[in-house]
Q: 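Mind having a look at this structure? Questions to follow.
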Amino acid sequence: MYENFEELKKDCFSCQKCSLGTTRTNLVFGVGNESADILFVGEGPGENEDLQGEPFVGKAGKLLDKYLEVIGLSRQKNIYIANIVKCRPPQNRDPKEDEQEACINWLREQTKLIKPKIIVCLGRIAATRLISPDFKVTREHGQFIKKGNIYFMGTFHPAALLRNEAQKADALSDFQKLREKMKELEIEL
Ligand code: URA
């Protein structure tokens with residue numbers, strides 16, 4: 001259990017618990033407000049993220065920022081963004097089970113410090129890991145599930161939306177549901 005982000009970052013940035021540690025350019029810890037009420041979780045860094053050390057900075061990230069803006073959220077102000085794994089899987093393959101297992105504790109520690117009221121899982125990898133192993137994004141997106149003190153919701157991964165325009169309307173409606181949940185929980189913008 002960490003007392004603050006400084007101590008957590010110090011340990012995390014030197015992590016070599018799995019082989020992704022040997023191929024990374026930068027570890028992508030996370031970005032945003034460290035006491036945000038809403039935490040977004042993606043899958044793992046891609047090429048741009050690995051080079052810049054920040055999550056969701058490529059094309060998919062630009063799309064995510066647009067959806068956030070529609071409901072008054074931004075990584076500079078009122079949310080935190082992290083990933084299931086903090087180092088880039090080669091060729092952007094899915095993070096393997098053992099890599100997720102090695103890394104997930106860093107996200108748990110971040111979550112304990114941030115204390116979010118809502119966690120939004122971006123795509124299958126995050127949703128199956130954090131909500132339920134058999135989560136199906138196309139079937140269960142936009143639904144809130146309370147576990148402990150936190151509401152979880154899974155939605156489409158922004159990279160999937162770039163490949164499949166037809167899902168963009170559903171994604172927008174998920175963000176609107178998020179806005180409604182924020183109002184219900186009296187989360188200020
Ligand atoms: N995709 C993710 O899941 N996370 C990132 O940080 C970038 C792309």
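All values below were derived from every heavy atom in this structure, side-chain atoms included, with hydrogens, water molecules and symmetry-related copies excluded. Counting starts at 1 for both ligands and their atoms, following the listed order. Residue indices begin at 1 and follow the sequence shown.
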Q: I want to check a possible cation-pi pair here: K147 against F152, using under 6.0 Å from ring centre and within 45° of the ring axis as the test.
A: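 Yes, a cation-pi geometry holds between K147 and F152.
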Q: What atoms of ligand 1 come closer than 4.0 angstrom to any heavy atom of G42?
A: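 Those of ligand 1 that fall under 4.0 Å from G42 are 3 (O).
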Q: What are the atoms of ligand 1, with element, lying closer than 4.0 Å to any heavy atom of P55?
A: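 Answer, ordered by atom number: 6 (O).
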Q: Please verify whether a non-hydrogen atom of H157 lies at under 4.0 Å from ligand 1.
A: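 Flag set, H157 near ligand 1.
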Q: Can you tell me how the ring of F40 sits relative to the ring of F175, calling it parallel under 30°, perpendicular over 60° and tilted otherwise?
A: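 Aromatic pair F40/F175 classed parallel.
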Q: Looking only at atom types and distance, does a side-chain atom of Q100 sit under 3.5 Å from a main-chain N or O of E97, one as donor and one as acceptor?
A: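 No: the side chain of Q100 does not pair with the backbone of E97.
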Q: Which residue and non-hydrogen atom of the protein lie closest to atom 4 (N) of ligand 1, and at what distance in Å?
A: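 Heavy-atom neighbour on the protein nearest atom 4 (N) of ligand 1: N83 OD1, 2.8 Å.
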Q: Mark up the atoms of ligand 1 that fall under 4.0 Å of a heavy atom belonging to E43, in ascending order.
A: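 By the 4.0 Å cutoff, the relevant atoms are 2 (C), 3 (O).
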Q: For the residue pair H157 and F56, does the interplanar ring angle fall in the parallel (under 30°), tilted (30 to 60°) or perpendicular (over 60°) class?
A: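 Tilted.
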Q: Does G44 have a non-hydrogen atom less than 4.0 Å from ligand 1?
A: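 It does; at least one heavy atom falls under 4.0 Å.
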Q: May I ask you to decide if E7's main-chain N or O and N4's side chain share a donor-acceptor pair within less than 3.5 Å?
A: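 Looks like yes, one N/O pair under 3.5 Å.
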